[in-house]
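Comments concern the structure below.
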Amino acid sequence: QVQLVESGGGLVQAGGSLRLSCAASGRTFGTYTMGWFLQAPGKEREFVAAIRWSGSSTNYADSVKGRFTISRDNAKNTVNLQMNSLKPEDTAVYYCAAERYGTVTSRETSYTYWGQGTQVTVSS
């Protein structure tokens with residue numbers, strides 16, 4: 001099992017940047033594909049980005065391509081989401097997710113482990 005804790009959320013103006021981090025417990029972090037999802041008020045949770053357990057591939061939602069970058073540091077058991085050029089529609093709770101030896105899928109149900117989320121608010 002792995003426990004996930006997100007951090008780095010906050011309030012930022014449109015056009016600004018934030019860096020989210022997700023810290024994972026355990027010694028097997030390098031075997032987990034990691035994903036980021038968001039859930040805006042009144043809406044379903046949706047995919048943002050994912051990075052393969054090996055770091056060899058990534059996947060992004062069309063809405064964030066060119067603005068967000070996912071990365072991982074297996075030595076520190078962390079996955080990061082660098083968010084640039086933020087828009088008010090990026091406002092949501094952002095969740096970190098993990099699946100052991102998973103693919104970089106956008107399917108929410110393919111991820112077994114979830115963090116509690118961190119709020120990101122982008123003001124116009």
Side-chain angles (χ1 to χ4, degrees):
Q1 289 190 345
V2 61
Q3 294 182 324
L4 306 173
V5 179
E6 302 94 336
S7 62
L11 174 64
V12 64
Q13 289 188 334
S17 298
L18 278 177
R19 183 177 177 87
L20 304 184
S21 292
C22 174
S25 65
R27 300 180 179 179
T28 58
F29 177 74
T31 66
Y32 285 87
T33 288
M34 303 299 295
W36 284 97
F37 289 75
L38 65 82
Q39 187 167 21
K43 295 186 178 181
E44 295 185 350
R45 193 152 53 185
E46 61 184 67
F47 173 74
V48 177
I51 185 165
R52 191 172 172 83
W53 57 271
S54 62
S56 60
S57 61
T58 57
N59 185 20
Y60 294 92
D62 288 342
S63 60
V64 306
K65 282 180 180 177
R67 299 190 299 125
F68 291 10
T69 303
I70 189 170
S71 62
R72 66 188 299 152
D73 185 339
N74 287 350
K76 296 182 178 179
N77 279 22
T78 58
V79 60
N80 301 304
L81 185 68
Q82 179 66 42
M83 306 188 296
N84 299 329
S85 303
L86 282 162
K87 306 174 182 180
E89 51 263 43
D90 294 321
T91 294
V93 177
Y94 283 71
Y95 296 91
C96 176
E99 180 65 19
R100 196 169 192 198
Y101 293 123
T103 63
V104 288
T105 180
S106 61
R107 291 181 57 185
E108 180 181 348
T109 55
S110 295
Y111 295 85
T112 301
Y113 303 102
W114 292 83
Q116 294 300 306
T118 185
Q119 176 71 48
V120 171
T121 303
V122 184
S123 63
S124 57

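Residue numbers count from 1 along this sequence.
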With sequence neighbours left out, write down each residue that passes salt bridge (charged side-chain N to carboxylate O under 4.0 Å, His left out) with [X], or none if nothing qualifies.
X    : answer
K65  : D62
R45  : E108
R100 : none

> Rounded to the nearest 0.5 Å, how far apart are OG of S106 and OH of Y111?
Replying inline: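 Reported to 0.5 Å precision, the distance equals 7.5 Å.
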
Separation between CH2 of W53 and OG1 of T31, rounded to the nearest 0.5 Å: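 Spacing of CH2 (W53) from OG1 (T31) equals 8.5 Å.
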
Review point. Which disulfide (SG to SG under 2.5 Å) pairs, counting each pair once, include a residue from residues 37-77, with sequence neighbours left out?
Key: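 For residues 37-77: none.
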
Report task. Would you list the pairs meeting disulfide (SG to SG under 2.5 Å) in which at least one residue belongs to residues 52-114, sequence neighbours left out? Result ->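 Every disulfide (SG to SG under 2.5 Å) pair that includes a residue of residues 52-114, provided the two are not neighbours, is C22-C96.
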
Should side-chain heavy atoms under 4.5 Å link Ile, Leu, Val, Met, Phe, Trp and Tyr, which residues sit in the same cluster as [X]?
X   : value
V79 : V2, L4, V12, L18, L20, F29, Y32, M34, W36, L38, V48, I51, Y60, V64, F68, I70, L81, M83, L86, Y94, Y113, V120, V122
L11 : none
V5  : none

Check your understanding: Quick check: does any side chain N or O of N59 sit under 3.5 Å from a backbone N or O of A50, one acting as donor and the other as acceptor?
Key ->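 Answer holds: no.
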
message: For T33, is there any backbone N or O sitting under 3.5 Å from a side-chain donor or acceptor partner on R72?
response: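 No: the side chain of R72 does not pair with the backbone of T33.
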
Any residue meeting side chain to side chain donor-acceptor pair (under 3.5 Å) with [X], in chain and number order, not counting sequence neighbours:
X   : result
E6  : none
S21 : N80
D90 : R67

- [ ] With the side chain counted from C-beta on, respond yes when S63 and K87 share a heavy-atom pair under 4.5 Å apart, and no when they do not.
- [x]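 No, their side chains stay 4.5 Å or more apart.
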
Discussion item. With heavy-atom distances below 4.5 Å as the criterion, would you say the side chains of S57 and R52 are in contact?
Written reply: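 S57 reaches R52 side chain to side chain.
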
Assess whether atom CD of E89 is packed by more than 12 heavy atoms of other residues, nucleotides or ligands within 6.0 Å.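 It does: E89 CD has more than 12 such atoms within range.
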
query = Has R107 got more than 12 heavy atoms of other residues, nucleotides or ligands less than 6.0 Å from its CZ?
reply =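 Atom CZ in R107 is not crowded, with 12 or fewer foreign heavy atoms closer than 6.0 Å.
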
Which pairs, with at least one residue in residues 115-124 and sequence neighbours excluded, count as a side-chain hydrogen bond (donor to acceptor under 3.5 Å, both in side chains)?
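Passing the test, one end in residues 115-124: Q119-T121.
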
